[in-house]
Protein chains: 2
Amino acid sequence: MVVDVDELNDETVDRLFHALADTTRRDILRRCVRGELSVSRLAEAYPMSFAAVQKHVAVLERAGLVSKQRSGREQLVRTDPDAVGRARQALDELESAWRGRVDRMARLLAEDAGAEEPEDPGHQENDTPEGPRR
Amino acid sequence: MVVDVDELNDETVDRLFHALADTTRRDILRRCVRGELSVSRLAEAYPMSFAAVQKHVAVLERAGLVSKQRSGREQLVRTDPDAVGRARQALDELESAWRGRVDRMARLLAEDAGAEEPEDPGHQENDTPEGPRR
DNA sequence: CACATCTACAACCATTTGGTTGTACGTTAG
DNA sequence: CTAACGTACAACCAAATGGTTGTAGATGTG
């Protein structure tokens with residue numbers, strides 16, 4: 001769903017996967033899919049304090065997985081339908097390296113190509129091996 | 001293929017996404033796709049110590065994303081082609097929550113149903129707060 | 001109005017994470 | 001055999017994470 005051409009930079013993907021790497025947060029995502037829920041309503045479902053759930057929602061929000069909308073004194077949380085699409089895209093970019101999706105693959109492989117290539121879109125790499133230690 | 005009916009429990013998905021939530025580790029995955037690399041070879045590519053890279057590889061290994069195979073005095077790392085498939089499956093399970101229903105109508109219905117403890121088809125209903133631990 | 005709710009946020013604490021250095025051990029090269 | 005290499009692992013450290021409690025500000029309700 002209109003998720004394709006975006007460039008997902010490292011920080012974005014970091015936040016995305018980090019947000020997904022917690023059972024409680026994934027459960028919050030599932031709950032807020034079928035309808036907006038207030039934070040306090042959410043908090044009732046988990047064996048932790050309101051503040052803790054608030055923090056989890058904040059993590060999801062910074063990752064772009066949910067958004068909050070004020071309604072009176074409540075803050076309604078709803079998951080962004082395109083969000084999982086972004087995570088999927090990040091996986092696609094990984095998977096394409098060996099699943100043969102040629103279009104993205106070229107750029108990903110170009111970063112190294114077995115020898116030394118000046119282009120390094122993904123990661124800072126020591127073209128001059130300055131010695132890993134120290 | 002060969003990725004379908006597996007049960008992905010919470011811990012597994014936690015480890016999977018956590019392993020993916022780091023730029024260096026994702027880069028290691030990409031590098032080890034095109035061929036096995038020894039850990040020390042990998043370590044040359046990053047501005048950190050050998051031991052640090054070793055730890056990253058260990059995280060990827062516990063997540064099932066790579067496997068190591070001894071070859072002489074070297075330990076060759078290669079990524080598991082099915083691994084990203086497992087991550088994708090975890091996303092599928094999230095996405096199916098709102099892929100399987102007509103979005104806007106679902107939200108309208110959910111406003112109502114959500115107010116009275118809806119059954120939770122497809123996931124562990126957490127209405128009894130005993131939920132995820134860490 | 002008084003009061004209960006819902007939220008925001010700060011301060012604090014224990015554990016984990018991501019990095020370091022140092023040491024030990026097996027394996028290959030000279 | 002000796003030396004260099006590749007690895008494993010322990011000990012240590014700073015910072016982030018995930019949780020707590022407490023306080024305070026808006027907002028709805030009697």
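In what follows, every chain begins at residue 1, and chains take the letters A, B, ... in the order their sequences are listed. No hydrogens, no waters, no symmetry mates; every other heavy atom, side chains included, goes into these values. Predicted model only: the values in this text are computed from it and were never measured.
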- Query: Is A/Arg88 paired with A/Asp92 through a side-chain N to carboxylate O contact shorter than 4.0 Å?
  - Reply: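 Looking at A/Arg88 together with A/Asp92, the answer is no, because their closest N to O distance does not fall below 4.0 Å.
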- Query: At under 4.0 Å between heavy atoms, what does B/Arg41 touch on the DNA or RNA strands: base, sugar-phosphate, or nothing?
  - Reply: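 B/Arg41: no heavy atom of the nucleic acid under 4.0 Å.
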Could you tell me the separation between the [atom1] atom of [X] and the [atom2] atom of [N], rounded to a whole number of Å?
| X | N | atom1 | atom2 | answer |
| --- | --- | --- | --- | --- |
| A/Leu37 | C/dC6 | CG | C1' | 14 Å |
| B/Gln54 | C/dG22 | CD | P | 16 Å |
| B/Asp14 | D/dG18 | CG | C1' | 13 Å |
| A/Leu42 | C/dA8 | CG | P | 12 Å |
| B/Arg62 | C/dG18 | CZ | C1' | 12 Å |
| A/Tyr46 | D/dG18 | OH | P | 15 Å |
| B/Gln75 | C/dT27 | CD | C1' | 13 Å |
| B/Glu61 | D/dT7 | CD | P | 13 Å |

- Message: Is it the case that the side chain of A/Arg31 and the backbone of A/Ala45 share a donor-acceptor pair, with hydrogens and angles ignored and the cut-off at 3.5 Å?
- Response: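 Judged by distance alone, no pair lies under 3.5 Å.
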- Note on the structure: Contact string for nucleotides 20-30 of chain D, one letter per nucleotide 5' to 3', B = base within protein heavy-atom range under 4.0 Å, S = sugar-phosphate only, - = neither, reads BB-----BS--
- Message: With a sphere of 6.0 Å drawn around CZ of B/Arg41, does it hold more than 12 non-hydrogen atoms of other residues, nucleotides or ligands?
- Response: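 At most 12 heavy atoms, drawn from other residues, nucleotides or ligands, come within 6.0 Å of this atom.
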- Item | Atom CZ of B/Arg78: over 12 foreign heavy atoms under 6.0 Å |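 Count not over threshold, so no.
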- Nearest-nucleotide 5' precedence on DNA chain D, B/Leu76 against A/His18: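 Looking at DNA chain D, the more 5' nearest nucleotide goes with B/Leu76.
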- Query: Just how far is it from atom CD of A/Gln69 to atom CD of A/Gln75, taken to the nearest 0.5 Å?
  - Reply: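 Answer rounded to 0.5 Å: 8.5 Å.
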- Is there a donor-acceptor contact under 3.5 Å linking the side chains of B/Asp14 and A/Thr23?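 There is such a pair between these side chains.
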- Between the side chains of A/Thr12 and A/Asn9, is a donor N or O closer than 3.5 angstrom to an acceptor N or O?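 Yes.
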- Query: Given C/dT7, is OP1 or OP2 found less than 4.0 Å from the side-chain N or O atoms of A/Ser40?
  - Reply: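 Checking A/Ser40 against C/dT7: at least one side-chain N or O falls below 4.0 Å of OP1 or OP2.
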